[in-house]
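Below, chain A is the first sequence line, B the second, and so on; all start at residue 1.
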Amino acid sequence: MPKLLLGVLAILVLALISLFIGVSDVTPMSLFSSSPEDRPMQVLLISRVPRTLALMLSGSALAVAGLLMQMLARNRFVEPGTAGTVESAVFGILVITIFWPGSPLIAKMLAATVTALMGTALFMQILKRIPLRSTLMVPLVGIMLGGVISSITAFFAYRYDLLQTLGTWTMGDFSGVLRGRYELLYISAGLVGIAWIAADRFTVAGLGQDFTTNLGLNYRRVLTLGLTIVSMVTAVVVVSVGSIPFLGLIVPNLVSMAVGDNARRAIPWIVLMGAGFVLTCDIIGRVIRFPYEIPIGTVFGVIGSALFLYLLLRRRPANG
Amino acid sequence: MADIRAQATPVISPRQVLIILAALAAVSIVAFMVIGAKGNWSFILPFRGAKIWSMATIGTAIAIATVLFQTITANRMLTPSIMGFDALFALVRTVQVFFLGGLSYAMLPDQLQFTYETAVMVGLSTLLFRWLFGRASRDLYLLVLVGIVFGVLFRSLGGLMQRLINPNDFAVLQDSLFASFNTTDQTLLGISTIAIAGVGIWVWRLLPALDVLNLGRDTAINLGVNYNHTVSQVLVIVAILVSVSTALVGPVTFFGLLVANLAYLVIRSHRHILILPAAILISIITLVGGQVVLERVFGYDTALAIIIEFVGGVVFIAMLLRGSRT
């Protein structure tokens, strides 16, 4: 697939750019002219490489999580951020932070996974109560559910004086990524792998419960697997770098316009595009106010919501 | 739904409901002034009085804005804040600090600053409204979703610009954008009160036309209302009121939704002359009474906004689910 190869190449270029942007002077020249113990190499290994890897891992995983959500909820406008998943994950982190203040990242991640799973399951339950299944009502209900969950979170955060800490989980930011603080994100790579292996099952599940059962698949099992992957990916990303709004919604939609809805064909593209999107936005955030940084959550909030609006209004011409 | 209600509740006339609401509002104001007061009355009364003044101003602004907005959109689920108007005002203010710098912004006389911002807000929100409703008026869910995403867009743009300005400017901005329900900035309160009084007279003169608007666009035109002209006026009023409330308290997404729907629930009439006072009284009861209960009885401080978001979100989901069945 030459096109896919081209995509990989583009991502590599973006990753290289991402490696060499920053306040500390790291250029290919300075790397070669100094010894490995010197500053440029150390900055590269401790800060730049982890950051670039974290960007690619979380971008692609979130995009794939969005795709899974869209297939399982059978709705184009669903993603972890419009289904209460992200907000539930944040709630889990808050709960474990209150009860076990010094807990390691992995414990936080597990707590976030559990609550994310519960929140998403609740969302799926509410979906069953929408008889007409209006396409646009589904994300609306999800966004509102997320709002309700985050107001619960805010209430407890307020009582325990954790409102400020809350901001670090809700606002995606890669500036704190260092060696030793992003490795959990590799779990999400594994999860994306599982999603790709099981891609055909998800495609079938996306056609509905009856159809899936007819083909001899256990619908509930596929659903559980999918929701677990989505919840874990969300938990891992939120714990490590914070959430990135609408990423999981935009990337799969743009990809499906180009290559269609077959998950096995779409996933490689979604992985690439997710990574590319996040890399680009992070580069913008780092360059626009050099030498300061703007968190990716903010940059992507602008680009992501503008693209979401485009997707919403695209198919409806002026005559409505 | 309607027939169940008619059976279950005894008939109280809207006027009696208004009297009860007024009494409740008075009780909560007195409770707010008196409960837990220790020390010098000559300090407590003006201090708490200013807080009540601010809550009443905010409540009135949000209540009128929401009821009028629902009238022109002919929908009980839409409110200015859900459609992103609050966030738009915050963005207007941020853009201004961005270009003027915090110092010169803070030096501007409050009146000038407020007038100017409101003018920009009126223009922009009218544009946004025309664009949204001219385009997609048939699909309610699309409209709400677009409104919400616009809100996110405005907030993110504002956030982006706030990151770009220097920290001193940011401090100025943050002070003016994230106030709480009990701001006591006297100048701002004064301007807001004048603005609301002016708008109140305007609304008073529009009342008959507003009641006719409730019958729907076509009927209203048939009955001789200049539809476009009236809607434009209402939009200006809403923009002014949103500016007032956002300048005082910052964005509160669901408060208006709760208050307006409660008003319709207890009044059971569509006449604005009854609905508007009811909505205003309910919002005063909610804000002042809620503050009394939370602050004095439970000892939490500004958690009221959080609780309103929670209840509002639940109500909104319920409205969405119920609306889809009919």
Check your understanding: How about A/Ser18 and A/Leu55: do any of their side-chain heavy atoms sit closer than 4.5 Å?
Key -> yes
Practice item. Find out whether A/Pro80 and A/Val230 are in side-chain contact, i.e. whether some heavy atom of one side chain is under 4.5 Å from a heavy atom of the other. Key: yes
Practice item. For chain B, find which of A/Ile143, A/Leu309, A/Leu145 contributes the most heavy-atom pairs closer than 4.5 angstrom. Key: A/Leu309
With a cut-off of 3.5 Å and sequence neighbours excluded, list every side-chain donor-acceptor pair involving residues 242-249 of chain A.
unit_1	atom_1	unit_2	atom_2	d
A/Ser243	OG	A/Thr170	O	3.0

What part of [X] gets within 4.5 angstrom of chain A, counting heavy atoms only: side chain, backbone, both, or neither?
X	answer
B/Phe310	both
B/Phe154	neither
B/Ile148	side chain

Point to revise | A/Ser88 side chain to A/Thr115 side chain, donor-acceptor N/O pair below 3.5 angstrom | key: no
Check your understanding: Going by atom types only, do B/Ser232 and B/Arg130 share a side-chain donor-acceptor pair under 3.5 Å?
Key -> yes
Practice item. Assign the ring pair B/Phe316 / B/Phe254 to parallel, tilted or perpendicular, where the plane angle (0 to 90°) is split at 30° and 60°. Key: tilted
Check your understanding: Residues of residues 299-308 of chain A under 4.5 Å from chain B (heavy atom pairs)?
Key -> A/Val299, A/Gly301, A/Val302, A/Ser305, A/Ala306, A/Phe308
Practice item. Go through B/Phe255 and B/Thr286 one step at a time and tell me if the side chain to side chain contact (heavy atoms under 4.5 Å, CB included) criterion holds. Key: CA-CA 9 Å; B/Phe255 186 64; B/Thr286 318; 4.0 Å; yes
Review point. With A/Ile98, which of A/Leu94, A/Ile96, A/Val95 fulfils side chain to side chain contact (heavy atoms under 4.5 Å, CB included)?
Key: A/Leu94
